[in-house]
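Below you'll find the structure, written out as structure tokens, and then a few comments.
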Amino acid sequence: MTKDIAIIGDQFMLSDIFEKAILEACGDRVQCRKLDFGWPDEPIEQGYTEPRIEGLREYQGDPEVVIEHIGDAPVLVTHHAPVSAAMMDRMPQLRLIAVARGGPVNVDISAARERGITVVNTPGRNASAVAEFTIGAMIAEIRNLSRGHEAMKAGNYRTDLYRADVIGDELCDMTVGVIGYGHIGSRVVSILRAFGCRILVSDPYVQLSVDDLKDGVEQVSLDTLLAQSDVVSLHPRVTEETTGMMNADAFAKMKRGAYVINTARGPLMDYDAVVEALQSGHLRGAMLETFAFEPVPEDSPLLTLPNVTLTPHIAGASLRTVRVAAGKAAEEIRRWLDGEPPVNPS
């Protein structure tokens, strides 16, 4: 019997790409119905700072539109569409939700479990993209790439960027601290090894790989990492433990003149505290890819500070990210059809 698969993509993770991967994995056992929402041209709702749909933190889409599109399909594949407890009660036939992201924050996981709905996600889908971006972010900030670019675009050929009191050091002579050793953090470490820098890792839940240990990567406490690193790069998940972890106390523990790089999540950082650390000169610079509020408010001091490089949450934006996510979701559907356990249950 052919199974209906409801796909809700967007302008990044197109439903056509998911359909192609699903049909390749499952053949004529499935038929797909597709819908694409407007993200990133239209913003997602964020429930980190204020409640929106109960139980959900990031999502996009009108629940009524989502319910109508899913209809009687037992499987939903999505990137950002919301699936709350109240919505599940109106879709009793739903049995599998595949979320094409590292964390299914657009789905009420507890409610799904109570209703016997399997939720799977796609961890590591953007690990390569974000890791590469992180290395570029470090170099852009440390070596003044962004400041040189901005000045030249404005008609200013900044010869002062050769001054000894302005230039930064090279990664090969720095200690780089990586907080979080998951899919992305471990890949950042792997790439950093080629630069010859000293690498510190803080993650109480994961042990270093054999290759990293052989190459001299050190696993240390968070306080040791903060105190000894010239560059601190954030890669943990957002949990109660990690929310606001980079606050005034954390910045005070860092070396004067150090850099902080955040290509992970906005809630990890106290942005008032990082602004103060940058303004005082305690932090020499920062590269920030994610923020407490997105888009960044027009009156944010981050937009005027001279010692910060900013990007609009694009670290994971690569075609490979989409292909990997679609392939992982398709394999989960294939396994569900064949009665096999999921690879990445949430």
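Quantities reported herein were computed from a predicted structural model and do not represent experimental measurements.
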Please identify each residue that fulfils side-chain hydrogen bond (donor to acceptor under 3.5 Å, both in side chains) with [X], with sequence neighbours left out.
X      : result
Thr118 : none
Ser186 : none
Glu289 : Thr311
Arg187 : none

Between [X] and [Y], is any pair of side-chain heavy atoms under 4.5 Å apart?
X      : Y      : result
His313 : Pro40  : no
Val201 : Glu218 : no
Ser346 : Asn344 : no
Thr242 : Arg237 : no
Phe251 : Leu226 : no
Ser128 : Arg320 : yes
Glu332 : Val343 : yes
Met287 : Met138 : no

ask   = Name the one of His79, Glu45, Glu42 that satisfies side-chain contact (heavy atoms from CB on, under 4.5 Å) with Gln60?
value =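 Only match with Gln60 under side-chain contact (heavy atoms from CB on, under 4.5 Å): Glu42.
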key: Sole residue of Ile179, Ile261, Val178, Leu268 in side-chain contact (heavy atoms from CB on, under 4.5 Å) with His235   =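 Output: one option passes, namely Val178.
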Give the minimum heavy-atom separation between [X] and [Y], together with the two atoms involved.
X      : Y      : answer
Ala131 : Ile191 : CB-CD1, 4.1 Å
Gln11  : Gly38  : CG-O, 3.8 Å
Pro104 : Val119 : CB-CG1, 4.2 Å
Pro74  : Lys3   : CG-CD, 4.4 Å
Ala137 : Thr263 : CB-CG2, 4.5 Å
Ser229 : Ala258 : O-CB, 3.8 Å

request  = Might you work through the side chain to side chain contact (heavy atoms under 4.5 Å, CB included) test for Arg198 and Val176, ending with a clear yes or no?
outcome  = CA-CA 6 Å; Arg198 181 188 179 207; Val176 180; over 6 Å; no
task = Could you check Asp165, Asp160, Thr159 and say which one makes a side chain to side chain donor-acceptor pair (under 3.5 Å) with Arg163?
result =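 Testing Arg163 for a side chain to side chain donor-acceptor pair (under 3.5 Å) against Asp165, Asp160, Thr159 leaves exactly one candidate, Asp165.
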Audit row: Arg29, Asp338, salt bridge (Lys or Arg N to Asp or Glu O under 4.0 Å) steps and yes/no = CA-CA 11 Å; Arg29 293 187 292 171; Asp338 290 339; 2.6 Å; yes
Should side-chain heavy atoms under 4.5 Å link Ile, Leu, Val, Met, Phe, Trp and Tyr, which residues sit in the same cluster as [X]?
X      : answer
Ile333 : Ile5, Ile7, Phe12, Met13, Leu14, Ile17, Phe18, Ile22, Leu23, Val30, Trp39, Ile44, Val75, Val77, Leu96, Val120, Val322, Trp336, Leu337
Tyr162 : none
Val210 : none
Val166 : Leu161

Exercise answer: donor-acceptor pairs, residues 271-280 side-chain atoms, under 3.5 Å, sequence neighbours excluded:
{"residue": "Tyr271", "atom": "OH", "partner": "Asn262", "partner atom": "ND2", "Å": "3.2"}
{"residue": "Tyr271", "atom": "OH", "partner": "Thr290", "partner atom": "O", "Å": "2.3"}
{"residue": "Ser280", "atom": "OG", "partner": "Glu276", "partner atom": "O", "Å": "3.2"}
{"residue": "Ser280", "atom": "OG", "partner": "Ala277", "partner atom": "O", "Å": "3.1"}
{"residue": "Ser280", "atom": "OG", "partner": "His282", "partner atom": "N", "Å": "3.2"}

query = Any salt bridge (Lys or Arg N to Asp or Glu O under 4.0 Å) pairs touching residues 201-213, not counting sequence neighbours?
reply =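 Qualifying pairs, neighbours excluded: Arg193-Asp212.
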key: Sequence neighbours excluded - salt bridge (Lys or Arg N to Asp or Glu O under 4.0 Å) pairs with any residue from residues 117-143   =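 Output for this query lists Glu141-Arg147.
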ask   = Can Glu24 and Lys20 be said to form a salt bridge (Lys or Arg N to Asp or Glu O under 4.0 Å), step by step?
value = CA-CA 6 Å; Glu24 288 176 352; Lys20 181 176 183 291; 2.8 Å; yes
Quick one: [atom1] on [X] to [atom2] on [Y], what's the gap to the nearest 0.5 Å?
X      : Y      : atom1 : atom2 : answer
Leu303 : Glu298 : CG    : CD    : 8.5 Å
Cys197 : Met174 : SG    : CE    : 9.5 Å
Asp72  : Gln93  : CG    : CD    : 6.0 Å
Met245 : Ser202 : CE    : OG    : 7.0 Å
Asp230 : Met254 : CG    : CE    : 9.0 Å
Ile139 : Thr134 : CD1   : OG1   : 11.0 Å

query = Using a distance-only test with no angle check, is there a side-chain donor-acceptor pair under 3.5 angstrom linking Asp4 and Gln31?
reply =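 Yes, side-chain donor-acceptor contact under 3.5 Å.
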Modelled atom types, side-chain donor and acceptor of Asp36 and Ser15, under 3.5 Å =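 Side chains of Asp36 and Ser15: pair found under 3.5 Å.
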key: Derivation of the side chain to side chain contact (heavy atoms under 4.5 Å, CB included) call for His80 and Phe37   = CA-CA 9 Å; His80 281 144; Phe37 285 148; over 6 Å; no
query = Got a sec, which residues hit side chain to side chain contact (heavy atoms under 4.5 Å, CB included) with Ala6, two or more places apart in sequence or on another chain?
reply =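 Side chain to side chain contact (heavy atoms under 4.5 Å, CB included) check on Ala6 returns Arg33, His69, Ile70, Ala73, Leu76.
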Transitively linked via ILVMFWY side-chain contacts under 4.5 Å: [X] with [Y]?
X      : Y      : result
Val238 : Val260 : yes
Leu35  : Tyr59  : no
Val105 : Val107 : no
Met246 : Val188 : no

request  = Assess whether side chain to side chain contact (heavy atoms under 4.5 Å, CB included) is satisfied between Leu283 and Tyr259, documenting all intermediate values.
outcome  = CA-CA 6 Å; Leu283 287 180; Tyr259 299 85; over 6 Å; no
message = If you apply the rule side chain to side chain contact (heavy atoms under 4.5 Å, CB included), what do you find for Thr309 with Leu288, and how did you get there?
response = CA-CA 6 Å; Thr309 298; Leu288 307 177; over 6 Å; no
request  = Look at atom CG of Asp28 and say whether more than 12 heavy atoms of other residues, nucleotides or ligands are closer to it than 6.0 Å.
outcome  =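 Result for CG/Asp28: open.
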